[in-house]
Amino acid sequence: MKMAHLAKEMGHFIWKKKVWWLAPIVIMLILVGLLILFSQSSVLSPFVYALF
């Protein structure tokens, strides 16, 4: 619930203040976080390790 609120606030901030350079940074942080999350304990971990 709080993560959804945080994402909404971040999106509103980027849209209102027109700081478009911040959007790719936030997207990359989310993708790296998801990669770490999936590589820790998942059936997908051999495929994630194969990428590197």
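Bear in mind the structure is a predicted one, so any value in this text is a computation, not a measurement.
- Remark: Ile14 CD1 to Glu9 CD distance equals 12.0 Å, nearest 0.5 Å.
- Here NZ of Lys17 is found 9.0 Å from NE2 of His12. Values are rounded to the nearest 0.5 Å.
- Criterion: ILVMFWY side-chain heavy atoms under 4.5 Å apart, direct or through other members. Under it, Trp15 and Trp21 are part of a common hydrophobic cluster.
- Atom-to-atom distance recorded for Ile27:CD1 and Leu22:CG is 10.0 Å, nearest 0.5 angstrom.
- No chain of hydrophobic side-chain contacts below 4.5 Å, direct or via other Ile, Leu, Val, Met, Phe, Trp or Tyr residues, connects Met28 to Ile25.
- For Lys8, the NZ atom sits in a loose shell: 12 or fewer heavy atoms of surrounding residues, nucleotides or ligands are nearer than 6.0 Å.
- When hydrophobic clusters are built by joining Ile, Leu, Val, Met, Phe, Trp and Tyr residues whose side-chain heavy atoms come closer than 4.5 Å, directly or via intermediates, Leu31 is not grouped with Met10.
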